[in-house]
Amino acid sequence: MRKLLTEYSWIMIGSIFVGLAFNMFFLPARLAAGGVSGISTILYELYEFEPAFIQWLINIPIFFLGFVLLGKEFSLKTLVGTFFVPFTIWLSADIPFTIDNPLLSAIYGGILLGVGLGIVYRGNGSTGGLATVAQIVKKYSGLSSGYAQLLVDGMVVVASAVVFNLELALFAMMAIFVTSKVIDFVQLQTSPSKLVLIITEHEERIQTIIKEEIDRGLTIGGFSNQEKTMILCVVEQQEAIYLKRVLQEEEPHSFVVFLNASEILGKGFSLAK
């Protein structure tokens with residue numbers, strides 16, 4: 001119960017940062033930095049629709065669609081993040097501290113958004129929205145998590161270039177880049193490619209997770225003279241986050257090391273799968 005309460009606290013704290021990043025930086029500077037928040041920024045510019053209500057209207061059906069199509073990927077935690085971000089945006093709509101400079105908003109808004117999302121993810125939660133759409137695209141197209149998210153966010157940025165101008169769209173892309181790097185730091189404090197070393201007594205279960213759920217290869221070796229197995233694999237950032245969470249829940253006694261991998265050459269990285 002204490003662990004569960006801690007995770008929900010992380011989700012709510014992170015959602016507050018996400019909402020403040022929107023009202024303090026992105027909306028005043030007219031930056032549609034991907035996601036449902038980017039869509040609400042565009043609609044606010046065109047029709048002056050209230051961003052918080054637009055996000056609720058978009059997020060709720062997406063949540064139920066994800067629940068039907070993705071099943072166990074979704075939980076009450078996702079619903080909490082989906083609700084709490086627009087709620088924060090609604091409460092802080094008249095906050096006096098705003099920045100309308102696009103460059104400053106892209107940098108500092110991206111940092112604040114990355115911190116917020118990283119905290120939400122550390123609570124094993126999600127803010128829903130187009131991240132859910134990206135997971136659906138990934139499941140049914142075979143694209144990686146990163147490419148699926150880039151495709152979905154990219155469509156929002158292209159729309160912002162039409163509604164606003166190309167310069168603001170480029171600043172929005174900068175904000176997305178800054179956000180992704182800050183999320184990496186908050187989550188694992190490492191680079192996008194991860195070398196994972198696992199020493200375990202339950203190698204069959206871990207092999208199943210890596211091969212079937214993450215779709216990566218692995219190398220197996222012995223560990224001293226004990227009845228343990230050493231598993232070595234290389235994964236992407238989002239895959240490392242998922243693997244970390246699964247191992248903490250299902251194999252808490254395994255010894256796991258995440259290392260930076262500066263460059264990966266081979267199938268699935270420099271070569272197509």
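In the hydrophobic clustering of this structure, Ile119 does not group with Leu5; members are Ile, Leu, Val, Met, Phe, Trp, Tyr whose side-chain heavy atoms approach within less than 4.5 Å, directly or through other members. A single hydrophobic cluster is not seen to contain both Leu43 and Val157; linkage of ILVMFWY side chains at heavy-atom distances under 4.5 Å, directly or through other members, places them apart. Hydrophobic clustering (side-chain heavy atoms under 4.5 Å, transitive across Ile, Leu, Val, Met, Phe, Trp, Tyr) groups Phe97 together with Trp90. If you chain together hydrophobic residues whose side chains sit under 4.5 Å apart, Phe87 and Ile95 fall into the same group. Connection of Val18 to Phe26 is established within a shared hydrophobic cluster, with ILVMFWY side chains joined at heavy-atom distances below 4.5 Å, either directly or through further cluster members.
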Exercise for review: Quick one: do Phe63 and Leu79 satisfy side-chain contact (heavy atoms from CB on, under 4.5 Å)? Show the steps, please.
Suggested key: CA-CA 7 Å; Phe63 172 82; Leu79 185 59; 3.9 Å; yes

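The backbone N or O of His202 sits less than 3.5 Å from a side-chain atom of Thr200, completing a donor-acceptor pair. The closest donor-acceptor contact from the side chain of Thr179 to the backbone of Gly110 lies under 3.5 Å.
Val246 pairs by the side-chain contact (heavy atoms from CB on, under 4.5 Å) definition with Ile209, Tyr242, Glu250, not counting sequence neighbours.
Phe22 has its side chain out of reach of Ser92: every pair of non-hydrogen atoms, C-beta onward, lies at least 4.5 Å apart. Side-chain contact check for Ser160 versus Leu168: every heavy-atom pair is 4.5 Å or farther apart.
In this structure, Arg122 does not pair ionically with Glu7, as no charged nitrogen and carboxylate oxygen lie closer than 4.0 Å. With respect to Glu251 and Arg205, no salt bridge is recorded, no charged nitrogen being found less than 4.0 Å from a carboxylate O.
What you find for Asn23 and Thr88 is that their closest heavy atoms are ND2-O, 4.3 Å.
Ring-plane geometry between Phe53 and Trp56 is classed as tilted, the angle between the planes lying from 30 to 60 degrees on a 0 to 90 degree scale.
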